[in-house]
Asks: 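Pasting a structure here, questions to come.
If you're wondering where the values come from, they're calculated on a predicted model, not measured in any experiment.
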Amino acid sequence: MRSLILRAVAQGVLPVATLFAVYLLLRGHNHPGGGFIAGLVTSAAVVLQALAFGAERTRARLEPVLRSFTWVGLATATAAGLPAVLRGEPFLKHYHAYLPLPGRDPVHVSTALVFDVGVYLLVVGVATTMLAIFAEEGDA
């Protein structure tokens with residue numbers, strides 16, 4: 001028994017939650033928020049999809065996108081610490097830069113943002129993998 005209202009809400013929540021997660025991710029390396037919270041928001045939206053449409057359908061729809069998130073996230077978060085090591089500094093010491101954009105103010109970027117992106121991908125990848133494992137156990 002799947003609720004029509006739950007399906008309608010779940011369909012609208014995933015893009016909105018993902019957009020909110022991107023906001024938290026981009027804001028978080030300088031303010032409260034960041035990759036972990038953004039990953040949890042996206043994961044909650046994926047769980048809502050699974051509740052509304054079934055775990056198997058959600059997996060079939062989202063697995064091609066989410067399959068590599070865990071390993072790419074781990075590699076990205078680790079790579080954020082490598083510039084410091086290459087300069088003889090402690091691992092994960094953060095560096096900041098400003099990227100000039102034509103006709104706009106420069107955009108502040110840092111290795112903290114790269115780390116947060118890696119954490120985001122890692123959290124979403126692990127959470128969706130756990131969802132898939134729990135769904136398989138529920139079928140047995």
Side-chain angles (χ1 to χ4, degrees):
M1 176 177 91
R2 304 258 185 239
S3 167
L4 178 63
I5 295 171
L6 180 61
R7 286 182 182 200
V9 168
Q11 212 163 15
V13 165
L14 184 60
V16 172
T18 303
L19 185 62
F20 181 60
V22 169
Y23 166 75
L24 289 172
L25 174 67
L26 294 177
R27 183 178 185 273
H29 66 280
N30 288 329
H31 302 286
F36 186 75
I37 299 301
L40 291 179
V41 168
T42 301
S43 299
V46 170
V47 168
L48 182 62
Q49 290 283 308
L51 290 172
F53 300 105
E56 201 55 46
R57 179 177 173 199
T58 302
R59 181 191 310 166
R61 187 172 149 220
L62 296 177
E63 187 175 29
V65 176
L66 302 176
R67 180 181 301 144
S68 60
F69 271 28
T70 303
W71 299 111
V72 171
L74 186 59
T76 303
T78 302
L82 294 181
V85 172
L86 295 174
R87 291 179 163 200
E89 300 281 346
F91 183 67
L92 284 179
K93 177 180 180 192
H94 294 295
Y95 293 99
H96 302 270
Y98 289 91
L99 295 178
L101 294 177
R104 297 195 63 183
D105 291 337
V107 174
H108 175 251
V109 293
S110 70
T111 55
L113 177 60
V114 175
F115 179 76
D116 271 345
V117 168
V119 169
Y120 170 78
L121 295 172
L122 185 62
V123 168
V124 172
V126 167
T128 54
T129 300
M130 287 174 36
L131 173 66
I133 290 169
F134 291 149
E136 285 176 7
E137 287 186 11
D139 293 339

Asks: Once you round to the nearest 0.5 Å, how far does CG of Leu25 lie from OG1 of Thr18?
Replies: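 Reported value, rounded in 0.5 Å steps: 12.0 Å.
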
Asks: Answer yes or no: is there a side-chain heavy-atom contact under 4.5 Å between Thr42 and Tyr120?
Replies: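 Thr42 reaches Tyr120 side chain to side chain.
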
Asks: Taking the side chain as C-beta and beyond, is there a heavy-atom pair between Thr128 and Phe69 under 4.5 Å?
Replies: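 When only atoms from C-beta onward are counted, Phe69 and Thr128 do not touch, as no gap falls below 4.5 Å.
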
Asks: Is Phe53 atom CZ crowded by more than 12 heavy atoms from other residues, nucleotides or ligands, each under 6.0 Å away?
Replies: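 Buried by this count: over 12 neighbours within 6.0 Å.
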
Asks: Return the orientation label for the His108 and Tyr98 ring planes: parallel under 30°, perpendicular over 60°, tilted otherwise.
Replies: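 Rings of His108 and Tyr98: tilted, 30 to 60°.
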
Asks: Which value, rounded to the nearest 0.5 Å, describes the distance between Trp71 atom CH2 and Leu121 atom CG?
Replies: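 One gets 13.5 Å once the value is rounded to the nearest 0.5 Å.
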
Asks: What's the verdict on side chain to side chain contact (heavy atoms under 4.5 Å, CB included) for Arg87 and Lys93, showing C-alpha distance, side-chain angles and the deciding distance?
Replies: CA-CA 10 Å; Arg87 291 179 163 200; Lys93 177 180 180 192; over 6 Å; no

Asks: Would Val16 end up clustered with Leu14 when hydrophobic side chains under 4.5 Å apart are linked, directly or stepwise?
Replies: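 No, no single cluster joins them.
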
Asks: So, for Leu92 and Ala77, which heavy atoms are closest and what is the spacing to 0.1 Å?
Replies: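 Closest pair (atom of Leu92, atom of Ala77, distance): CD2-O, 4.2 Å.
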
Asks: Going only through I, L, V, M, F, W and Y residues with side-chain contacts under 4.5 Å, is there a path from Leu51 to Val13?
Replies: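 Hydrophobic grouping puts Leu51 apart from Val13.
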
Asks: Could you grab the distance from atom OG of Ser110 to atom CG of Asp116, nearest 0.5 Å is fine?
Replies: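 Nearest 0.5 Å value for the OG-CG distance: 8.0 Å.
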
Asks: Nearest 0.5 Å please: distance from the NE2 atom of His96 over to the OG1 atom of Thr111.
Replies: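 Reported to 0.5 Å precision, the distance equals 6.5 Å.
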
Asks: Could you state the interatomic distance from CZ (Arg57) to CG (Leu62), rounded to the nearest 0.5 Å?
Replies: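 Going from CZ on Arg57 over to CG on Leu62, the span is 10.0 Å.
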
Asks: Looking at Ile5, I want to see if its CD1 is surrounded by more than 12 non-hydrogen atoms of other residues, nucleotides or ligands under 6.0 Å.
Replies: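 Counting neighbours around CD1 of Ile5, 12 or fewer heavy atoms of other residues, nucleotides or ligands fall under 6.0 Å, so no.
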
Asks: Of all the heavy-atom pairs spanning Ala79 and Pro83, show the shortest one and how long it is.
Replies: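 Nearest heavy atoms, Ala79 then Pro83: O-CD, 3.2 Å.
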
Asks: Please examine the side chains of Val123 and Leu40, heavy atoms only from C-beta on, and report whether any two atoms are closer than 4.5 Å.
Replies: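 Sidechains of Val123 and Leu40: in contact.
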
Asks: Using every non-hydrogen atom in the two residues, find where Leu74 and Thr78 come nearest and quote the distance to one decimal.
Replies: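 Smallest heavy-atom distance, with atoms named: O-OG1, 2.8 Å.
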
Asks: For residues Leu24 and Ala38, report the shortest heavy-atom separation together with the two atoms involved.
Replies: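 Scanning both residues, the minimum pair turns out to be CB-CB, 4.2 Å.
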
Asks: Considering non-hydrogen atoms only, spot the tightest contact between Pro90 and Ala84 and give its length.
Replies: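 The pair with the smallest heavy-atom distance is O-CB, 3.2 Å.
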
Asks: Rounded to the nearest 0.5 Å, what separates atom CG in Leu6 from atom CD in Gln49?
Replies: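 So the gap between those two atoms works out to 9.5 Å.
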
Asks: Same cluster for Val114 and Ile37 if Ile/Leu/Val/Met/Phe/Trp/Tyr side chains link at under 4.5 Å?
Replies: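 Each belongs to a different hydrophobic cluster.
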
Asks: Just checking Tyr23: does its OH atom have more than 12 heavy atoms from other residues, nucleotides or ligands closer to it than 6.0 angstrom?
Replies: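 Count not over threshold, so no.
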
Asks: Do Leu66 and Val22 sit in one hydrophobic cluster, given that two such residues count as connected whenever their side-chain heavy atoms are within less than 4.5 Å of each other, even indirectly?
Replies: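 Yes; tracing contacts between hydrophobic side chains, which count when under 4.5 Å, links both residues.
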
Asks: With the 4.5 Å side-chain cut-off for hydrophobic clustering, are Val46 and Val65 part of the same group?
Replies: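 Yes, Val46 connects to Val65 through the hydrophobic network.
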
Asks: Could you check whether atom CZ of Arg7 has more than 12 heavy atoms from other residues, nucleotides or ligands sitting under 6.0 Å from it?
Replies: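 Enclosed: over 12 neighbouring heavy atoms sit under 6.0 Å from CZ of Arg7.
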
